[in-house]
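The structure displayed is predicted, hence computed values, not measured ones. Remember, it's 1-based here, ligands and their atoms both numbered in the order they're listed.
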Amino acid sequence: MKPIKLSEDVFFLQVNHFNRSLFDSLIPLPEGTSYNAYLVKGKNKTALLDSADPEKREVLFDYLKDVKELDYVVAHHGEQDHSGSIPAVLEKYPNAKVATNPKCKELLMTHLHIPAEKFMEVKDYDTLDLGGKALQFIYTPWVHWPETMSTFLKEDKILFSCDFFGSHLATGAVFSERNIVHDPMKRYYAEIMMPFRSSIRANLEKVGKLDLAMIAPSHGPVHKDVEFVTGLYRDWSSDAVKNNALLAYVSMHGSTAVLINRLASRLQELGVAVEKINMEHFDEGRVAMALVDAATIVIGTPTVLTGPHPKAVYGAYLANALRPRARFVSVVGSYGWGGKAVETIAGMIPNLKAEVLSPVMIKGLPTAADLARVDELAALIADKHKGL
Ligand code: FEO
């Protein structure tokens with residue numbers, strides 16, 4: 001593979017992984033992913049920015065086959081999809097130093113056993129001059145680990161942002177297009193960035209002071225439309241929710257589905273946009289994306305062995321872990337002879353700073369009176385949304 005030229009002496013080493021279906025043994029990758037490294041050549045020194053997942057190491061090394069000397073490997077992040085091939089890079093280039101912050105150094109030492117003498121620690125806003133190309137390190141913590149940082153290349157107005165602004169999208173395209181990158185970016189934000197909204201806002205402010213022509217993340221295509229992608233992040237990380245309700249449910253014999261369908265219809269009649277997701281076949285990314293905007297989350301569950309259905313438990317656990325900005329939450333469902341499904345779900349979501357709206361838990365197949373209670377819940381949700 002030939003390195004892809006982004007600007008003079010700045011190259012994109014795009015390592016696509018089209019067939020990867022799962023990340024972290026957890027997150028579905030409907031469009032694959034990529035691990036992007038970048039090469040910056042100064043008059044005196046050469047730096048590689050990040051590496052690639054070890055599973056695709058040979059692609060990275062193919063890009064590097066004509067690179068005789070490497071002076072620095074900049075590590076923006078300790079997670080192995082970007083750092084995992086650094087030990088092999090250091091074997092090929094034994095004189096190279098790993099330039100990173102102290103937190104990332106510690107992670108790379110413990111996770112990859114890279115010896116301390118291989119590192120060059122950098123501070124926030126430090127500059128590394130390669131000769132006509134100066135790399136400025138910008139600490140961007142908690143996007144999405146504590147050690148994450150970015151690099152600003154002032155001469156070319158490029159921000160190398162690692163996971164920040166990334167997307168799980170394997171593509172032959174070098175540059176992103178709005179309509180193609182929007183959903184993969186949102187999915188990625190929802191899955192790993194959403195719990196850290198306040199840090200994201202601080203980092204957006206920090207990088208917003210830079211004069212940027214390009215943002216080059218370590219997953220997905222490079223962004224020339226800087227205003228578009230920073231605007232998306234500003235929107236998603238703000239405190240403003242939308243007039244949306246997420247109805248995430250599972251149904252065993254149809255009763256919970258009847259309640260959820262009724263709730264969806266009534267909410268739509270009342271002008272609330274509804275995302276209805278059956279968790280029987282769980283797509284964590286789809287649920288996470290819906291959580292980004294929802295003002296209300298309703299979990300629908302039947303009762304299994306006196307408690308909520310395990311898939312509803314998983315949905316509640318996921319929502320709690322991702323700390324979405326939802327303002328209201330409720331539970332609907334049915335039971336056969338008793339149970340504590342509502343109490344169990346309610347106890348699982350302490351991170352949601354949301355008002356609990358009266359749950360609708362019914363016995364058996366819904367009656368007309370039960371459906372009237374669902375209608376009341378719909379009216380309450382619509383009313384609450386008007387007050388946002
Ligand atoms: Fe793409 Fe957090 O690693």
Side-chain angles (χ1 to χ4, degrees), residues 12-38 48-57 59-60 73-89 98 100-101 103-112 114 137-151 159-171 176 181 183-197 199-200 203-204 207 215-223 229 233 236-237 284-285 288-289 321-323:
F12 180 26
L13 315 183
Q14 184 182 34
V15 178
N16 278 311
H17 198 160
F18 287 97
N19 298 325
R20 186 164 179 177
S21 58
L22 212 55
F23 199 86
D24 290 344
S25 299
L26 174 68
I27 298 167
L29 299 174
E31 297 177 84
T33 191
S34 72
Y35 323 106
N36 306 331
Y38 297 90
L48 175 71
L49 279 59
D50 292 318
S51 67
D53 192 288
E55 214 177 315
K56 288 285 174 186
R57 185 181 298 150
V59 181
L60 177 71
V73 182
V74 176
H76 291 121
H77 180 23
E79 197 166 9
Q80 290 89 333
D81 52 327
H82 309 295
S83 67
S85 294
I86 291 179
V89 170
V98 180
T100 193
N101 62 68
K103 275 199 179 100
C104 190
K105 173 184 169 183
E106 195 244 318
L107 281 171
L108 295 177
M109 287 174 67
T110 53
H111 286 58
L112 296 171
I114 298 174
F137 305 108
I138 313 283
Y139 283 18
T140 44
W142 292 110
V143 290
H144 59 122
W145 280 14
E147 87 296 3
T148 46
M149 69 174 201
S150 302
T151 294
L159 182 74
F160 301 95
S161 60
C162 202
D163 283 340
F164 200 17
F165 305 108
S167 55
H168 280 314
L169 176 60
T171 172
S176 62
V181 84
D183 283 5
M185 263 188 81
K186 186 172 186 180
R187 192 176 251 266
Y188 189 67
Y189 166 86
E191 289 160 344
I192 66 166
M193 301 287 176
M194 186 157 54
F196 310 110
R197 287 191 300 116
S199 297
I200 286 168
N203 286 320
L204 280 173
V207 303
I215 293 180
S218 292
H219 294 290
V222 173
H223 309 296
V229 297
Y233 260 64
W236 297 332
S237 63
E284 288 83 353
M289 275 175 89
L322 291 176
R323 297 171 182 261

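With ring centers used as reference points, His223 lies 6.0 Å or more from Phe165.
The side chain to side chain donor-acceptor pair (under 3.5 Å) search around Arg197 returns Asp239, not counting sequence neighbours. Partners of Trp145 by ring-ring contact (aromatic ring centres under 6.0 Å, His included), not counting sequence neighbours, listed by chain and number: His77. Under the rule for a salt bridge (Lys or Arg N to Asp or Glu O under 4.0 Å), Lys56 has no partner lying at least two apart in sequence or in another chain.
Inspection of the His17 and Thr33 side chains reveals no N or O donor paired with an N or O acceptor under 3.5 Å.
Excluding waters, the set of protein N, O or S atoms lying under 2.8 Å from atom 1 (Fe) of ligand 1 comprises Asp81 OD2, His82 NE2, Asp163 OD1, His219 NE2.
Ring-plane geometry between Tyr189 and Trp236 is classed as tilted, the angle between the planes lying from 30 to 60 degrees on a 0 to 90 degree scale.
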